[in-house]
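Worksheet: the structure to be examined is printed underneath.
Numbered from 1 within each chain, the chains take letters A, B, ... in sequence-line order. As the structure is a prediction and not an experimental result, all values here were calculated from the model.
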Amino acid sequence: MTRVIEYEHLKEKIYTRQIEPGLNAFVLPKKGYNKKYAIYAANFGSIDSRFIVEGEGEELSVPDGVAHFLEHKLFEDESGNVFDRFAVLGASSNAFTNFTNTAYLFSTTDNFYECLEILLDFVQEPYFTTESVEKEKGIIEQEIWMYEDNPQWRIFFNLLGALYQYHPVKIDIAGTVESIRRIDKDVLYKCYRTFYHPSNMAVFVVGDVDAGRVLDQIEANIAKRNYQPLGEIKRLFPEEPEEIARDYVEQSLVVSQPILNLGFKEHDVGYDGKALFKREIATSLMLDVVFGSSSPLYNELYEEGLIDDEFDAGYVAEIGYGHTIVGGETLDPEKLADRLIEGIQRRQREGIDADTFEHYRHKMMGEFLKSFNSLEYIANNFPAYHFRKINFFDYLQVLQEVTVEDVNRRLVEHLDLKRMARSVIMPKAGKR
Amino acid sequence: MATVLHRRLQNGISVFIHPTEKFKTILVQLFFHRQLRQEDVTQSALLPAVLQRGTVRYPSRRQLVLHLEKLYGAELTADIVKKGECQLVVYTLDLVHDQYLPGENRLLRDGLQILHELLTNPVLENGAFKEEYVRQEKEQHEKVIKGLINDKIAYAIERCLQEMCRDEPFSVFKYGTLEKLREIDAASLYGFYRSFLRESPAELHLIGDLDPERTFALVQDIFRFARGTGAELPPTQVHIPVEGVRYVTEELDVNQGKLVLGFRTGLTYANADYFALLLYNGILGGFPHSKLFQNVREKASLAYYAYSRLEKHKGLMLISSGIEFKNYEKTLDIIRKQVADMAAGNFSKEDFDNTYSGLRNQFLLEEDNPAALINRTVDGMLAGKVRTTADLLNKLRSVTRDDVVRIAGQVKLDTVYFMTRRGARK
């Protein structure tokens, strides 16, 4: 049965249906747009490397990088490359893997329903051979080396390695050159059968389309495949202590100046749904007050030449982990870290007043509305929030429910210096 | 989409109003056109940063940002863009449309007023920019110039272009040089600013759910500052003969080699054959179905990325790929083979048709993106012809296989750049 959810403030409507055996499908019609965009996402990311399916066999432990590897390989079918099938229709296709999800997508202006069928088919029809799996290793190896030379990527993973003692979020999404060598077609099929079951997936479609027809088409495609219900997937994560692994990590790379990132580890995790969404919004608002480009701290640091206008702070709220990362390029990472800590402590003493809170709430409301110009932005975010039991479109509503007390509480409990780590990239000495 | 209103203000600024009901925002972009030349490119690149430090009404950067944030998180940013041998200083103001905000109706007026204030009413001391602001922004700008190396892919492309166009204005880095930066002070930059504002050809674009006449009247009411008649910019040098291929290798302490090939196409957005070139580039390396992706990545597993792209105002094409150091010769051979196959007409009807559909899709998608629509108009103005989506699609449709083979013959490899590691086996 189709449900229609109306968002009066946004002037948008979402059509949704739960399709047997458990696939959630969503359509956001957008009149007047040429672009039609569909995304088919699996609740399976780089952190899901140990799991067990209820009622089936034993616990599985797979090499790091398998979700990403699987994403690469699903783009191949018996006849060759899936890209070509979209290309013939004038569509462009792509995919991405992050810590928690894998997503396949296409965008097109014509032949939408044919493209949707290809998307549904290729994601549900894996075709892995020993030869094609081996061939992919060279490509992914070059992807890994490319990131090894990317200072932003390196500082990020170095920081995660300092914040987390055991949690797999500290491991690169693509795995390592060594771990991907251990991946074979059997491992890919095992992961595929578990995580690509419809009950662990979601479809989101946006554009000038007929919602009923889209939902019917998805339902028909799933129905013909005779899926059996799947037991609950239990994802097994090592017990992660509240404490960080180490408080400092440094690497040298070919860069023009040092980079500093401070990380704050969330210690009270395990939430989903509205509680998690509210925490995410309250924390983001708090970070904007403390570190945003209109904050006193930002402007002092900018005038002193300790930061540039790329300086940024962001919060990640997943079910099993969460952290804030603050930082940017700087001539003096040690001094910047000291000044940031001082700034945090000063703000914690002074607190955030109601006017300041309202100012930033107002700003976040505008920013959310602006993001709605981008159909990709909506489509890429929606399933990821859905897997955390959050409806992304409730943002404005939840933003209204956040209080100044929530934000002040997050300021104290989250920006806890006991759970802070520093990651630094230094320029390589001598020749460039 | 309804027709674009294009009209000049009395002070010579060209105004373009693109009315459309699609978006929840109004996007405003103001472009100043500058000749790309070593003498003053550093000053134009530094100027927006200094202006953003404060105005008479909002005397600090923070006050300016706070005021913008009050307009529901409005953002006012400045960028430096290079199109051919033209440097564009671009101001972007991104606003939520009033209709999504109960009780609001002045957002556009307020936003435009801030933009105008920022441009025309900077904080001054002793008849020049504030010393402190200029000093601090020079330090920031020094970091921007030096920071190119931090993105190895972008760095390799810039280096290839610098080597290839070393005797042409195109080799000028859009952010300028450290030498020129050192010479700038508060007084000289202020003098430059006065002529910049007076003389640079300027275009103001607005896109969103707008009534063209009323919006034009609003713009006219706000942007009244006096300007002179700017000199026309010299055209970009396009036809440069290629005398043999130049090979440049640079050693850096990196993990992956970066291979960049620079070609001269002799064709720009202004040429009738530009659309054949689009198909040529698309078949060769513009898509995942293209020759480069298929042969360098999918068949030979040599790279994660391998693509080609055009510089549409200078008549250049670049091929870029990240590879193992030791695979330099092997990759170069495969790329050369693909380019030779294009010239020999070795591409299938399917290659041609898929590329045509992909390009058609891209043109249609631009209609959903406010910044892309403005960019298309700016490109059109630079090339002397603004094209609608229907024009673009017609031109694309008229390209034949023979056209692609014909123009393939004039695409000439000029420079091969390779970033490697000292001591690595090539």
Side-chain angles (χ1 to χ4, degrees), chain A residues 9-11 30 32-35 81 83-84 87-93 107-110 135-140 142-143 145-146 148-151 254-257 293-296 298-299 302-303 305 308-309 329 331 359-360 362-367 369-370 372-375 428 431-432, chain B residues 21-25 60-62 65-66 69-74 94 96 100-101 136 139-140 143-144 146-153 251-256 287-289 293-294 297-298 300-305 322-324 350 353-355 357-358 360-361 364-365 367-370 422:
Chain A
H9 221 76
L10 289 168
K11 303 192 170 132
K30 278 285 212 180
Y33 273 77
N34 291 331
K35 175 180 293 190
N81 206 309
F83 285 120
D84 292 346
V88 170
L89 297 170
S92 65
S93 54
S107 110
T108 192
T109 52
D110 298 312
K135 190 211 72 181
E136 203 65 24
K137 290 179 183 175
I139 297 169
I140 295 177
Q142 286 312 309
E143 188 176 0
W145 288 122
M146 178 179 84
E148 286 295 316
D149 282 334
N150 182 324
V254 180
V255 289
S256 61
Q257 61 170 328
S293 71
S294 60
S295 67
Y298 177 104
N299 285 278
Y302 184 86
E303 283 166 26
D308 60 31
D309 59 10
E329 295 182 13
L331 292 170
H359 174 91
Y360 286 93
H362 202 74
K363 177 190 169 200
M364 283 171 79
M365 179 177 161
E367 283 171 348
L369 287 166
K370 280 195 279 180
F372 261 70
N373 270 357
S374 165
L375 305 191
K428 262 187 183 161
K431 72 182 167 71
R432 274 215 317 221
Chain B
E21 291 174 13
K22 256 189 213 176
F23 310 118
K24 289 189 162 61
T25 59
S60 72
R61 194 196 153 284
R62 176 160 186 257
V65 176
L66 277 171
E69 284 179 352
K70 285 204 176 87
L71 308 179
Y72 290 86
D94 196 7
V96 184
Y100 296 93
L101 303 167
Q136 288 171 355
E139 286 169 13
Q140 294 284 9
K143 294 188 259 180
V144 171
K146 289 180 176 167
L148 175 65
I149 187 74
N150 299 340
D151 179 343
K152 303 295 174 291
I153 298 173
E251 290 179 346
L252 287 175
D253 196 356
V254 290
N255 291 298
Q256 186 181 59
F287 298 92
H289 67 256
F293 190 92
Q294 288 301 318
R297 173 175 152 142
E298 294 297 296
S301 296
L302 288 168
Y304 172 64
Y305 70 94
I323 56 172
E324 251 183 80
E350 198 187 0
D353 291 346
N354 291 353
T355 302
S357 308
R360 180 177 183 280
N361 191 35
L364 288 166
L365 292 181
E367 295 220 314
D368 294 343
N369 181 330
R422 184 170 295 177

For [Y], does its backbone N or O pair with a side-chain atom of [X] as donor and acceptor, under 3.5 Å?
{"X": "B/Ser301", "Y": "A/Lys135", "value": "yes"}
{"X": "A/Asn373", "Y": "B/Lys24", "value": "yes"}
{"X": "B/His289", "Y": "A/Phe83", "value": "no"}
{"X": "B/Arg62", "Y": "A/Tyr298", "value": "no"}

Checklist entry - Would B/Asp368 and A/Lys35 pass as an ion pair if we require N to O under 4.0 Å? => result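 No, no charged N to carboxylate O under 4.0 Å.
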
Item to check | Flag side-chain contact, heavy atom, 4.5 Å: B/Tyr72 against A/His362 | outcome: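 They are in side-chain contact.
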
Next on the checklist: Taking the side chain as everything from C-beta on, heavy atoms only, tell me whether B/Asn361 gets closer than 4.5 Å to A/Thr108.
Outcome noted: yes

If you tally heavy-atom pairs under 4.5 Å against chain B, which of [options] wins?
{"options": "A/Glu329, A/Lys11, A/Met365, A/Lys30", "answer": "A/Lys11"}
{"options": "A/Ala91, A/Gly32, A/Gly138", "answer": "A/Gly32"}
{"options": "A/Glu367, A/Glu148, A/Glu303", "answer": "A/Glu303"}

Checklist outcome for this item: Given B/Glu139, B/Lys152, B/Glu21, the one with more heavy-atom pairs under 4.5 angstrom with chain A than any other is B/Lys152

Next on the checklist: Report which part of B/Ile153 has an atom under 4.5 Å of a heavy atom belonging to chain A: side chain, backbone, both, or neither.
Outcome noted: side chain

Item to check | B/Gln136 portion near chain A, given a 4.5 angstrom heavy-atom threshold | outcome: side chain

Next on the checklist: Is A/Ser107 in contact with chain B via its backbone, its side chain, both, or neither, using a 4.5 Å heavy-atom distance?
Outcome noted: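 Contact with chain B is through both the backbone and side chain of A/Ser107.
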
For [X] versus [Y], what's the shortest heavy-atom pair and its separation?
{"X": "A/Lys370", "Y": "B/Asp94", "value": "NZ-O, 3.5 Å"}
{"X": "B/Gly147", "Y": "A/Ser256", "value": "CA-OG, 3.5 Å"}
{"X": "A/Trp145", "Y": "B/Asn255", "value": "CE3-CB, 3.7 Å"}

Next on the checklist: Would you say B/Gln256 and A/Gln142 are linked by a side-chain donor-acceptor pair, where the criterion is simply a distance under 3.5 Å?
Outcome noted: yes

